[in-house]
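Step one of this worksheet: look at the structure below.
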Amino acid sequence: MENTQKYIQNQFQNFTDQLIELLKIPSISADPNYKTDVAKTADVLADEFTRIGMDRVKIYPTAGHPIVYAEKIIDVQLPTVLVYGHYDVQPADPIELWTSPAFEPVIKTTPIHPDGAIFARGACDDKGQMFMHVKAIEAMLVENELPCNVKLMIEGEEEIGSENLAVFVKENKELLKADIILVSDTGMLANDVPSITTGLRGLSYVEVEVTGPNRDLHSGLYGGCVANPINTLTKMIASLHDEHHHITIPGFYDKVVELSDEERAEMAKAPFSIEEYQDALQIKEVQGEKGYSTMERGSIRPTLDVNGIWGGYIGEGAKTVIPSKAFAKISMRLVPDQNPHEITELFKNHFESIAPGSVKVTVKPHHGGEAAVTPIDTIGYQAASMAYEKTFGKKPIPVRSGGSIPIIAMFEKELGLKTILMGFGLDSDAIHSPNEHFGLFNYRKGIETIPYFYQYFTQLTKA
Ligand code: BES
Ligand code: MN
Ligand code: MN
C-alpha cells in the first residue's frame, strides 16, 4: 500500500477540491424542491466512478431518489468488500444560524480542527465520509494495489429512511454478493482516540395529532369548559416518562437486551469526561434514565423524545384562543432486540389508551429500523482494528453509538452480511445542525485507513 499512500498525500489537495465541488450540490432528500439536485449528485458520482476506472457503473432509479452502483472485480476468487454510503443530506435550516452558507463550502479552523475543517451541509454526514472511499479506491486503482474486489452502493434516501434501498437490496441479492459491508457514516471518539462503532440504535418514529373542539375557540368564552388539545397533549407526553426517566409504555422494555456487568465495565473504559460534555453543550447537569451512565444512556438504552411540537397561535403578540388541534413528532431510539413495528404498535395502543374522552387522538407511524451490533471477534473487525492501528499508531476502541442507520440491520437480514462501521467524524462536527463540518485531518485519515482495511481483510480471509 506504499504507492497508494504516496498517491493520497500527493493528491490530497485535489481530493479536497473535489469534495468541495460535490458539497455545492444541495442534495436534500426530504424536500421535493431539490429533486433535480439529488439526481444531479447521483450523475456526478456515477461520472466520478467511471473516471476512476470502476466497472458496471449504473444509476438505478427507484420510486424515490436513485442509487448509484459500481464495481471492480479483479478476481472472483478474492474477497469482495461492499461499500455503502449516502449522498443525500439533511435540510440546512435554520439557515440563519450558519456562519457561511450551507452549500458554499469553506475551510475554517476550529480548536478541535486546527488543520482546518470543511464547513458545509453533508461535509461529514455523509458526502465527505462516503467520498473517502471513492478516493481510497481511486488511489488503489491508480497504483495497481487494490487487493480484492470492491462494490460501491451509494444511495440518496438515507436521511428519509432508506425505504427504496430496502427494496433494491431485496431485489438485487446476486449483484450485491460480498463478504463484508464497509460503511463510513458514524464517528470516532476524538482525533487522538480512534474508535470503531460496534452498534447502532434502531428507530421508531411517530407523529401524533390531538383534536379537541371542531374549531379554534375564544379562550374566554370556552376556556375551562372544553379540553385544550395542547394542554392535553403535553400532559400525555409528560406521562410517557416516570420520575426515574423510565419510559412508561407497557411492554416497552420487554425485549431489551441488557448488557452483562463485564460488558458495562468494558464500556466504561472508554475515555469520557462529564465536565467536558456539559461544557460543550453549555448545560449544568445531564439528565437520563436512573441506573445508567451518560455513555450508556446514549447508546445501549432505548429512549423516547419529542422532536417537534406545534399547535395554536405562535405569531406576534397575543391571541386568546383554544386551539382545535395539537401535534407532535416523537422518536424512539431502540436497542437489540426491540422490533420497531412492535414498538410503534405499543406506543399507539398506549397513547390512545391514555387519551381523555374529551379529545380524539391519532398516531401516524413514520419510518423506522432495527438496531444493529457488530461483534468484535471477526476477521472484519480485526482488519479494521489493524488498519486504524497502522494509521493512528493506536488500537481503536470499540464503541456503541446512539445514532441509527436502519439499512444496516436489513443488510444482515437480506444479504447475511456483517457491517464494519469505520466512521471518522466527531460528535462535535454538528451533523444535522447548522455549521456542519468535517476535519481535513479526519478526511485524510479516512482515506489513508481504508486501503489498509482492504489489505488486512484480504490477508486475514486467505489465512
Ligand atoms: N450518519 C447518521 C447516523 C449516525 C451518525 C450514526 C453518527 C452514528 C453516529 C445518519 O445519516 C442519520 O442521521 N440517521 C438518522 C436516521 C434516519 C432514519 C433519518 C438518525 O440517526 O437520526
Ligand atoms: Mn449519515
Ligand atoms: Mn444523517
Side-chain angles (χ1 to χ4, degrees), residues 23 27-31 38 41 64-65 83-92 102 120-133 153-166 181-190 195-207 270 295 298-300 302-308 329-335 340 343-344 365-374 398-411 419-434 436-439 442 446:
L23 290 168
S27 49
I28 304 168
S29 50
D31 186 342
V38 177
T41 310
H65 301 301
V83 176
Y84 161 77
H86 64 94
Y87 67 83
D88 65 319
V89 302
Q90 286 277 329
R121 172 59 82 229
C124 178
D125 184 12
D126 179 44
K127 280 177 176 164
Q129 295 212 69
M130 172 274 292
F131 207 60
M132 296 182 316
H133 288 267
M153 177 173 63
I154 312 299
E155 72 152 321
E157 299 194 311
E158 196 280 339
E159 300 292 7
I160 52 171
S162 303
E163 272 167 20
N164 292 304
L165 182 69
I181 295 174
L182 187 61
V183 177
S184 295
D185 192 23
T186 52
M188 56 180 195
L189 289 174
S195 61
I196 296 176
T197 304
T198 53
L200 294 163
R201 284 194 283 198
L203 183 69
S204 161
Y205 201 109
V206 297
E207 192 168 320
M295 277 254 258
S299 61
I300 60 157
T303 61
L304 183 152
D305 276 292
V306 178
N307 293 246
K329 290 181 194 279
I330 296 172
S331 69
M332 289 161 277
R333 295 280 168 175
L334 312 179
V335 299
I343 293 293
T344 301
H366 278 271
H367 56 247
E370 279 173 44
V373 279
T374 312
V399 177
R400 297 256 305 250
S401 168
S404 307
I405 310 176
I407 202 69
I408 304 294
M410 261 282 299
F411 285 154
T419 296
I420 303 298
L421 298 161
M422 281 180 48
F424 293 89
L426 299 179
D427 282 357
S428 56
D429 286 345
I431 63 170
H432 294 207
S433 303
E436 173 177 354
H437 54 279
F438 190 36
N442 306 69

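A quick note: this is a predicted structure, and the numbers were derived from the prediction, not measured. Both ligands and their constituent atoms are indexed starting at 1 by order of listing.
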Exercise. Please find the N/O/S atom of D185 nearest to the Mn ion (ligand 2) and write down its name.
Key: OD1

Exercise. For the Mn ion (ligand 2), find the closest N/O/S atom on D125 and give its atom name.
Key: OD1

Please confirm whether the backbone N or O of [Y] pairs with a side-chain atom of [X], one donor and one acceptor, at under 3.5 Å?
X: R121; Y: Q90; result: yes
X: R400; Y: T198; result: no
X: E163; Y: H367; result: no

Practice problem: Note the single closest protein heavy atom to atom 9 (C) of ligand 1, along with its residue, its atom name and the distance in Å. | Solution: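 Going atom by atom, the protein heavy atom closest to atom 9 (C) of ligand 1 ends up being S401 OG, 3.5 Å.
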
Quiz item: At a non-hydrogen distance cut-off of under 4.0 Å, which region of R400 contacts ligand 1 (side chain, backbone, both, or neither)?
Solution: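 Near ligand 1, R400 shows nothing, with every heavy atom at 4.0 Å or more.
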
Quiz item: ligand 1 versus P406, non-hydrogen atoms closer than 4.0 Å: side chain, backbone, both, neither?
Solution: side chain

Practice problem: Mark the output for R201 as yes if a heavy-atom distance to ligand 1 is under 4.0 Å, and as no if none is. | Solution: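 Contact check R201 vs ligand 1: negative.
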
Practice problem: Run the contact test for D126 against ligand 1 with a 4.0 Å cut-off on heavy atoms, strictly below, and give the result. | Solution: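 No; D126 lies far enough from ligand 1 that no heavy-atom distance drops under 4.0 Å.
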
Quiz item: From H86, does some N, O or S atom reach closer than 2.8 Å to the Mn ion (ligand 3)?
Solution: no

Self-check item: Evaluation steps, side-chain hydrogen bond (donor to acceptor under 3.5 Å, both in side chains), between D185 and H86
Solution: CA-CA 8 Å; D185 192 23; H86 64 94; 3.1 Å; yes

Practice problem: Tell me which one of R333, H432, E159, E158 gets a heavy atom nearest to atom 22 (O) of ligand 1. | Solution: R333

Self-check item: Whether E158 has an N, O or S atom under 2.8 Å from the Mn ion (ligand 2)
Solution: no

Self-check item: Nearest to the Mn ion (ligand 3) - the N/O/S atom of E159, by atom name
Solution: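 It is OE2, the N, O or S atom of E159 closest to the Mn ion (ligand 3).
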
Quiz prompt | Heavy-atom neighbours of D31 CG exceed 12 at 6.0 Å | solution =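 Correct, the count exceeds 12.
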
